[in-house]
Amino acid sequence: MTRITKKEKNGMNRWMYVILGMIIMIFLGTVYSYSVFRLSLEKEFLIGTTESGMPYMIALAFYALFMFLTGKYINRFNPRLIILIGGYLVVFGWILSAFAPNIILLTIAYGCIGGAGVGVAYGVLMTVIAKWFPEKKGLAVGILLIGFGLSPLITAPLARLFVESYGVFTTFLIFGIGFGLILPVLSYPFKYPTEEELKNMKSIPISQSSAKNFETKEMVQSKSFKGLYLNFVIGTMIGLMLIGLTTSVGINFIGLEPNKVIRLVAFFAIFNGLGRPTFGWLTDKLSSKKAMLLSYSLISLAALALLIAGSTNELVYVLSFSLFWFNMGGWLAIAPASTLRLYGLKNYSQNYGLVFTAYGIGAIIGVSSSGLLLDSLKSYDAVFYYVIALSMLGIILTLTLINDKNE
């Protein structure tokens, strides 16, 4: 009988954290399935596109805010405890959403409370994985984030089934209770590695994480931070507005049946998941600059195709939104991988917490501005021109502020 060595056991243990973390991320990533609820909420509350986007927008903003606020405390407490706190905030938000009588209270429950919980749990999961994989941080974190990106593949069809069978509010209740029951089991094994455990793993030099570990104040003063932050704002603006409009574009612009669009949302989620390890690997192997330029180029091509092809073209819709979702996943790997690479692992949770506030800014500006464009101009073409303009701005900022020599 072959005996498992301590080195092999530690190697297997760290992959267990990735698998369990991916499952938790699937639950947290239900926020990306919000477009499934959106049309039903508009009918229930008799509201327009701008108002129905408020819970989604605020959830993303609070997700970013609380990731920043809790970043400096993550290393002080057992990660299991922080995962439970964040997860049960999400559960509480979903359950309260089931009883919301109007869009304002739904925004508080789903957006403020649920979004805060996502930020708390998301941040600690990334930190745990980054600590267990110091030799391939970008790839490992990207694999973890597949769960968040692939969430709509599972949760969107499930949510649509529940909405059609029981209504949108009962669906919130079902999701909340379900996650509340399974979360303690999934979070139980999580812990940070000791130095001895890292040394016992196969050829992983602890010092490899960075040439220098930046304090947050030092990071903010660097030129690279300005480029990373502004680009993350733009990248998330584009990705989040388009993910939020996926269903309405498919139904109203392309003319597809709602059930077919929901199935396509699940298909797009595959690309969102694949974008994370792909761009995490590209950032590790090439550079942040090249990964950013590639992303903006793909986004521009996808938006241009929609403008040229016009409405009712299902093939272009599928190809373009596959690229949009792929690149949204990509930005959620470029940002953490760049933060680790540029500023080190020691202060990663606090540093990336600050970088991630760009995600919240992008969510607010992107979702609200696209809603206003649609409500005022009644044209999806305006949104696609807006996306191309933002991509051009991002390319300029990348060429100007991101310097490969700094990496």
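If you read the sequence from its start, that first residue is 1, and numbering goes on from there. Computed from a predicted model, the values in this text were never measured in an experiment.
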| message | Go through it in stages, so that I can follow the logic: the residues are Tyr317 and Phe321, the test is ring-ring contact (aromatic ring centres under 6.0 Å, His included), and I'd like the CA-CA distance, side-chain angles, deciding distance and then a yes or no. | response | CA-CA 6 Å; Tyr317 169 72; Phe321 272 81; 4.9 Å; yes
| said: Applying side chain to side chain contact (heavy atoms under 4.5 Å, CB included) to Leu20 and Tyr188, what does each step give before you reach the verdict? | reply: CA-CA 10 Å; Leu20 292 176; Tyr188 181 77; over 6 Å; no
| query | Hey, mind stepping through Trp325 and Phe271 against ring-ring contact (aromatic ring centres under 6.0 Å, His included) and telling me if it holds? | reply | CA-CA 6 Å; Trp325 283 63; Phe271 288 88; 9.8 Å; no
| message | What verdict does the side chain to side chain contact (heavy atoms under 4.5 Å, CB included) test give for Val31 and Val118, after you've listed the backbone C-alpha separation in whole Å, the side-chain angles of each residue and the deciding distance to 0.1 Å? | response | CA-CA 9 Å; Val31 67; Val118 172; 5.5 Å; no
| query | Does the pair Phe268 and Phe326 meet the rule for a ring-ring contact (aromatic ring centres under 6.0 Å, His included), with working shown? | reply | CA-CA 8 Å; Phe268 296 146; Phe326 180 74; over 10 Å; no
| field | Evaluation steps, side chain to side chain contact (heavy atoms under 4.5 Å, CB included), between Met328 and Leu242 | value | CA-CA 9 Å; Met328 183 65 252; Leu242 291 169; over 6 Å; no
| Step by step, would you call Tyr192 with Thr127 a side-chain hydrogen bond (donor to acceptor under 3.5 Å, both in side chains)? | CA-CA 9 Å; Tyr192 294 127; Thr127 302; 5.3 Å; no
| CA sep, side-chain torsions, deciding dist, call: Leu342, Met219, side chain to side chain contact (heavy atoms under 4.5 Å, CB included) | CA-CA 9 Å; Leu342 293 169; Met219 178 186 74; over 6 Å; no
| Which is it for Phe27 and Trp94 under the ring-ring contact (aromatic ring centres under 6.0 Å, His included) test, yes or no, and what are the steps along the way? | CA-CA 11 Å; Phe27 286 99; Trp94 280 342; 7.6 Å; no
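Under the 3.5 Å distance criterion, with hydrogens and angles disregarded, a donor-acceptor pair is assigned to the side chains of Ser33 and Thr155.
Between the side chain of Arg80 and the main chain of Pro189, no donor-acceptor pair closer than 3.5 Å is present. The closest donor-acceptor contact from the side chain of Ser295 to the backbone of Ala291 lies at 3.5 Å or more, if one exists at all. Looking at Ser287, its side chain does come within 3.5 Å of a backbone N or O of Lys290 through a donor-acceptor pair. Distance alone, capped at 3.5 Å, is enough to place a donor-acceptor pair between the Asn102 side chain and the Leu105 backbone. Judged by distance alone, the side chain of Thr70 and the main-chain N or O of Val120 form no donor-acceptor pair under 3.5 Å. In this structure, the side chain of Tyr343 does not engage the main chain of Asn351 through any donor-acceptor pair within 3.5 Å. Formation of a donor-acceptor pair under 3.5 Å by the Glu218 side chain with backbone atoms of Glu215 is found in this model.
Here the two rings, on Trp331 and Tyr296, have centers that are under 6.0 Å apart. Ring centroids of Tyr122 and Phe356 are separated by less than 6.0 Å, placing the two rings close together. Aromatic rings from Phe232 and Tyr229 are positioned such that their centres are separated by 6.0 Å or more. The aromatic ring centroids of Phe37 and Phe172 lie less than 6.0 Å from each other.
The minimum heavy-atom distance linking Met22 with Leu144 is given by the pair CG-O, 3.5 Å. In plain terms, the two heavy atoms of Ser151 and Met25 that are nearest each other are CB-O, 4.4 Å. The nearest pair of heavy atoms linking Ala309 to Asn313 is CB-ND2, 3.7 Å. Of all non-hydrogen atoms in Val18 and Phe133, the two that sit nearest each other are CG2-CE1, 3.6 Å. Shown here for Asn231 and Met292, the closest heavy-atom pair between the two residues is ND2-SD, 3.8 Å. Closest approach of Glu51 and Ile103 over heavy atoms only: O-CG1, 3.5 Å.
With contacts defined as side-chain heavy-atom distances shorter than 4.5 Å, the pair Pro184/Tyr88 qualifies. Between Met392 and Ser300, the closest side-chain pair of non-hydrogen atoms falls below 4.5 Å. The side-chain heavy atoms of Ile299 and Ile388, taken from C-beta on, include no pair separated by under 4.5 Å. Leu306 is listed as a side-chain neighbour of Phe324, based on a closest heavy-atom distance under 4.5 Å. With a 4.5 Å cut-off on side-chain heavy atoms, Met57 and Ile365 do not count as touching. Here the side chains of Phe225 and Phe214 are not in contact, with every heavy-atom distance at 4.5 Å or above. Taking 4.5 Å as the limit, some side-chain heavy atom of Phe267 sits within range of a side-chain heavy atom of Ser322. Side chains of Val383 and Leu374 form a contact here, defined as non-hydrogen atoms less than 4.5 Å apart.
Among Leu39, Thr246, Leu256, the one residue that satisfies the side chain to side chain contact (heavy atoms under 4.5 Å, CB included) test with Ile251 is Leu39. No option in Phe99, Tyr63, Tyr34 other than Tyr34 meets the ring pair (Phe, Tyr, Trp, His ring centres under 6.0 Å) test with Tyr110. Under the side chain to side chain donor-acceptor pair (under 3.5 Å) rule, Tyr386 has a single partner from Ser391, Ser369, Ser370, which is Ser369.
Within a 6.0 Å radius of CZ in Phe92, no more than 12 heavy atoms belonging to other residues, nucleotides or ligands are found. Phe162 CZ: more than 12 foreign heavy atoms inside a 6.0 Å radius.
Figure legend: Arg276 and Phe148 shown without cation-pi pairing, the cationic atom not lying both under 6.0 angstrom from the six-membered ring centre and within 45 degrees of its axis.
In this structure, NZ in Lys289 is found 14.0 Å from CD1 in Ile334, a value given to the nearest 0.5 Å. Here the straight-line distance linking atom CG of Leu332 with atom OG1 of Thr236 works out to 8.0 Å at 0.5 Å rounding. Ile58 contributes atom CD1, which lies 9.0 Å from atom OG of Ser368 (distance to the nearest 0.5 angstrom). Within the model, atoms CG of Leu319 and CG of Leu301 stand 12.0 Å from one another, a figure rounded to the nearest 0.5 Å. Atom CG in Leu145 sits 9.0 Å away from atom CG in Leu125 (nearest 0.5 Å). Here Leu84 contributes atom CG and Leu89 contributes atom CG; the two are 11.0 Å apart, rounded to the nearest 0.5 Å.
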